[in-house]
Amino acid sequence: MANAKYIFVTGGVTSSLGKGIIAASLAKLLQARGYRVALQKFDPYINVDPGTLNPYEHGECYVTEDGAETDLDLGHYERFLGVPTSQTNNVTTGRIYQSVIEKERRGEFLGKTVQVVPHITNEIKERMQLLGKTGDYDIVITEIGGTVGDIESLPYIEAVRQLLWDLGEHNGIVIHLTLVPYLSAAGELKTKPTQHSVMTLMESGIKADIIVCRTEHELSDELRYKIALFCNVKREAVIQSIDASTIYDVPNMMLLEGLDKVALQKLDLPQKGEPDLTQWNAFLQRHKNPKHRVKIGLVGKYVELQDSYKSILEAFIHAGAANEVRVDLETIHSEHLNEENIEARLGHLDGVLVAPGFGSRGIEGKISALQYVREHHIPFLGICLGMQMAVVEFARNVAGLAGANSTEMDEHTPYPVISLMESQKTVTDKGGTMRLGAWDCELTKPSHIFDAYGKTHISERHRHRYEFNNDYKETLEAAGLRCTGINPETGLVEVIELPSHPWFVGVQYHPEYKSTVATPHPLFVAFVKAALQRKLEVRK
Ligand code: GLN
């Protein structure tokens, strides 16, 4: 008897069909019916984790409470379910191989030849069941990254095939997500790619139980019947996933399509009445009926790819809804900012966020933006590198420390106001070696940060190597900067503010990772509120 029931989500035809959102939406519906649901993602690439990937490659790196650097889909899982994820929820081929090779080195295979089948597939199967075996979950949904038919996906598909067989009927099902393209010249939706993709899955010994069809146009009954017939599933197991104006509409769309019902039937689990989406729908209601609009600038260097700042964009949606405000985000490339165009780019904004990042590209643009928002009293939120650069700008232009910098950008700066943590000085490996995960912070009051949280003890997630240099704390504070959040154990500065400015807050941590639909992040909520206030005042 299995401890939990398993749902595997695979993808066909092309990537970017929204497997993560479908998996998260289904999980939301099952959770809203009273089930305890876990979501996890298995990624076929060889990096041990996405921490070493450039955001252009793979979008944002999402950090969990336990400090795992993971795929951005885990962010969707947390935002939809409100349940924290961990290292266990995201596994890559690199991690699988690393663990199998370490076992081999320890002699655990007792002289056997170590092979993809069974050793790699066993390792995958074991990890797929880790959460299910804790007894904390009724249903575990596993998203398999990549597309069926890819060489690197094969061990995962084989592991799923074996696991379904081990688990037995009604204990595991497969949802296959495909694309039903619309050919405008023919004026028709085409099912052939779906048929082929289901066939590829079958060649690997897996029969899809449910087919979710991503489409730009409504699927007719006739077309659904055709897909059912050729793909060997019941008519009600053909689910349409039509383009949505917001990802937060997808759970309701899946409810209408009956995805959760079909899944529960196939798993032989009771429906437990109707899902309770009261809170979710109240959020949607606020999100879709804003009373005001604010324009906020997002200054960063990876702005060409929206996925690079996924959690920040989503946190603004949650915080906007909480304030009944629509946040229009303007992305601003920090490399294109200079003193000549700064007024034109930032002058009309109600708030500016300077984004996290690594390396010196675009840094001077960020500093120009910071000087502008400081001098023009535009509400400002700085996250990680954004906070560090706020300290640099203040040191240079207010505290009179000409040439101040972070040692990340200039090792020989005369005033290293941001510098490498002592514990980082001997680190040479890049992967998983930053200051990662949840750390405590004590807030001082009065401060904007205290007003935002309404409490003095907080815990937030981190991902950085460099720190506010406490050797300069006195000088900077004497010039008007205030350190309003400190790590109680290490004395590291986590939050800075400028009391002379209406709302200027920089945080060394990443608040965006903890914002969910049910609990919008208090700092984003306060920032959007400050932006609205500024707008109403300037307009007067
Ligand atoms: N590059 C900076 C550091 O490592 C900031 C990192 C970040 O913004 N996440 O400290």
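Quick caveat: nothing in here was measured; it's all calculated off a predicted structure. Just so you know, ligand 1 is whichever comes first in the structure, and atom 1 is the first atom listed for that ligand.
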Check whether the ring centres of [X] and [Y] lie less than 6.0 Å apart, and answer yes or no.
{"X": "Phe380", "Y": "Phe527", "answer": "no"}
{"X": "His58", "Y": "Tyr45", "answer": "yes"}
{"X": "His521", "Y": "Tyr453", "answer": "yes"}
{"X": "Tyr248", "Y": "His76", "answer": "no"}

Would you say that more than 12 heavy atoms from the other residues, nucleotides or ligands in this model lie under 6.0 Å from the CD of Glu339, or not? no

Within a radius of less than 6.0 Å around CZ of Arg105, do more than 12 heavy atoms belonging to other residues, nucleotides or ligands occur? no

Starting from the N and O atoms of ligand 1, collect every protein N/O partner closer than 3.5 Å and put each pair on its own line with the distance to 0.1 Å.
residue, atom, partner, partner atom, Å
ligand 1, 1 (N), Gly357, O, 2.9
ligand 1, 1 (N), Glu408, OE1, 2.7
ligand 1, 1 (N), Glu408, OE2, 3.0
ligand 1, 4 (O), Arg465, N, 3.0
ligand 1, 8 (O), Gly357, N, 2.9
ligand 1, 8 (O), Gly357, O, 3.3
ligand 1, 8 (O), Leu385, N, 3.0
ligand 1, 9 (N), Arg463, O, 2.9
ligand 1, 9 (N), His510, NE2, 3.2
ligand 1, 10 (O), Gln388, NE2, 3.1
ligand 1, 10 (O), Arg465, N, 3.2
ligand 1, 10 (O), Tyr466, N, 2.8

